[in-house]
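Since the structure comes first, as structure tokens, the remarks are kept for the end.
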Amino acid sequence: MKQVFLESHNLKNRYSGFGQFNYHFIKALAALPQDDFEIVLNAKNISELKEEFGDTFKYRKYNSLTRHKPFRIKKKYNLWHCLNQNIKIEPFFNIPYLLTVHDVHFVTEGCAELQEKLKKQFAEKLKRSSAIAYISEFAKQDTHAHFEVPNIPEYVIYNGNTITDISIPTDYKPSLLPPKPYLFSIGDFSDRKNFMSLVEMLRFLPEYNLVLSGSNSSSYAEKLTEKVKQYGFENRVFQTGKIADLEKQYYLQNCEAFVFPSLREGFGIPPIEAMRFGKPVFLSNNTSLPEIGGEHSFFWDHYDPQYMAQTLRAGMEKFHGNRAFYENWYTARAQSFNWKTTAEKYIEVYKSLL
């Protein structure tokens, strides 16, 4: 039987962006059994995957040595699916190859030397590809703006919403709980996520606290903490660090609004998760976020803190003035991003390449 190889080793970091994409995509594939081909997962924790998915998939143990050219995987799979643009693991032979592109932010991030290295790696991936899937129209446009893309089939396949069940135990409370209404955001603490602008904005929103979740072991997190101390906001800004799904869902369900002033996003799953709870969503008006947020989200055109606060207050007033409409619209939009649909579209691409 033909085999489709999924380079899915990012499953080892389940709560990272790529880890979330891998896991929910593979979980959706598992619910769509195929008679035409087998799917092989390349992963570190095979026993954990077997426990969840059994013999739905074949498995190959991930080995970090395969990142290096002499040790590349030599089996000639019928199709190789590279699940993101940053993966260093490549097939040894020239075999049919599907590339999923989440973003090309590396063309502007980091030092010039790193940018050139990553550009070269990505250009080689493009040359190797038999087809490309992008997670948003923006990701496609940005790739074409910075690279010579070969004349091969291209697809835009949106991610699904990771949160479908929004029920939370009634007696559950997270360890960090603000004492008054709060705004919520989640993501790695980095320049790109732009959390500092939210702390600045809070100076003009005395009625709100702020909860920030995500990996906060970075120099940016240290600068943010210093800014919080500078303004005396230690009792208004709550940094939770990484959180599990239940904590995230609690904060989403109980926040006043979801705030996401990111400077660059290839897709942006967190706003979709917030929409599932019917929450008003405030986003940067850039990259993929207008495409994902849709016409009834609220957008910041720049990051002057007083302007951001005014935009939030005006948006909240509009939301509360027609709450039922907004809640229904947000919920419906979140449900339109479905991992089952994502998996079905990828399977069609697989079949076209096999």
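Along the sequence shown, residues are numbered consecutively beginning with 1. Only a predicted model underlies this, so the values are computations on that prediction, with no experimental measurement involved.
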Worksheet entry | Parallel, tilted or perpendicular: ring planes of Phe319 versus Tyr330, cut at 30 and 60 degrees | tilted

Item to complete: Can you sort out the partners of Tyr77 under ring-ring contact (aromatic ring centres under 6.0 Å, His included), two or more places apart, ordered by chain and number?
Response: Phe5

Fill in: Carboxylate-amine/guanidinium contact Lys125 Glu90, below 4.0 Å
yes

Worksheet item: Any ion pair linking Arg264 and Asp103 (charged N to carboxylate O, less than 4.0 Å)?
Response: no

Worksheet item: Is a side-chain donor-acceptor pair under 3.5 Å present for Glu52 with Tyr23?
Response: yes

Worksheet item: Is the cationic atom of Lys279 (NZ for Lys, CZ for Arg) positioned less than 6.0 Å from the six-membered ring centroid of Phe258 and within 45 degrees of its normal?
Response: no

Discussion item. I want to know whether Phe298 and Phe282 have ring centres closer than 6.0 Å.
Written reply: yes

Practice prompt. Show your reasoning for whether salt bridge (Lys or Arg N to Asp or Glu O under 4.0 Å) applies to Lys340 and Glu344.
Written response: CA-CA 6 Å; Lys340 179 175 182 288; Glu344 288 172 341; 2.6 Å; yes

Discussion item. Can you confirm whether or not the ring centre of Phe184 sits under 6.0 Å from the ring centre of Tyr182?
Written reply: no

Worksheet entry | Contacts of type side chain to side chain donor-acceptor pair (under 3.5 Å), residue Glu154, not counting sequence neighbours | Tyr134, His144

Fill in: Smallest separation among heavy atoms of Asn10 and Asn84, with atom names
OD1-ND2, 2.8 Å

Item to complete: Rounded to the nearest 0.5 Å, what's the gap from CZ on Phe18 to CD1 on Ile87? Could you check?
Response: 8.0 Å

Item to complete: Compute whether any side-chain donor of one residue and acceptor of the other, for Tyr303 and Ser284, lie under 3.5 angstrom apart.
Response: yes

Fill in: For Glu273, all residues meeting salt bridge (charged side-chain N to carboxylate O under 4.0 Å, His left out), sequence neighbours excluded
Lys248

Discussion item. For a quick test of reading the model, state the closest non-hydrogen atom pair linking Thr311 to Phe299 and the distance between them.
Written reply: CG2-O, 3.7 Å

Fill in: No-hydrogen, no-angle side-chain donor-acceptor test under 3.5 Å, Glu247 and Thr240
no

Worksheet item: Does any N or O in the side chain of Arg236 come within less than 3.5 Å of the main-chain N or O of Tyr208, such that one atom is a donor and the other an acceptor?
Response: yes

Worksheet item: Are any side-chain N or O atoms of Thr331 and backbone N or O atoms of Asn328, one a donor and one an acceptor, separated by less than 3.5 Å?
Response: no

Discussion item. If you take the centroid of each ring, where Trp contributes its six-membered ring, are Phe267 and Phe337 closer together than 6.0 Å?
Written reply: yes

Worksheet item: Is it true that Arg313 and Glu317 make a salt bridge, defined as a side-chain N closer than 4.0 Å to a carboxylate O?
Response: no

Worksheet item: Hey, are Glu116 and Lys119 close enough for a salt bridge, meaning a charged N less than 4.0 Å from a carboxylate O?
Response: yes

Worksheet item: Within the side chain of Arg276, is there an N or O that forms a donor-acceptor pair under 3.5 Å with the backbone of Thr162?
Response: no

Discussion item. Quick check: His81 with Tyr346 (ring centres under 6.0 Å apart)?
Written reply: yes

Fill in: Min side-chain heavy-atom separation Phe189-Gln239 under 4.5 Å
yes

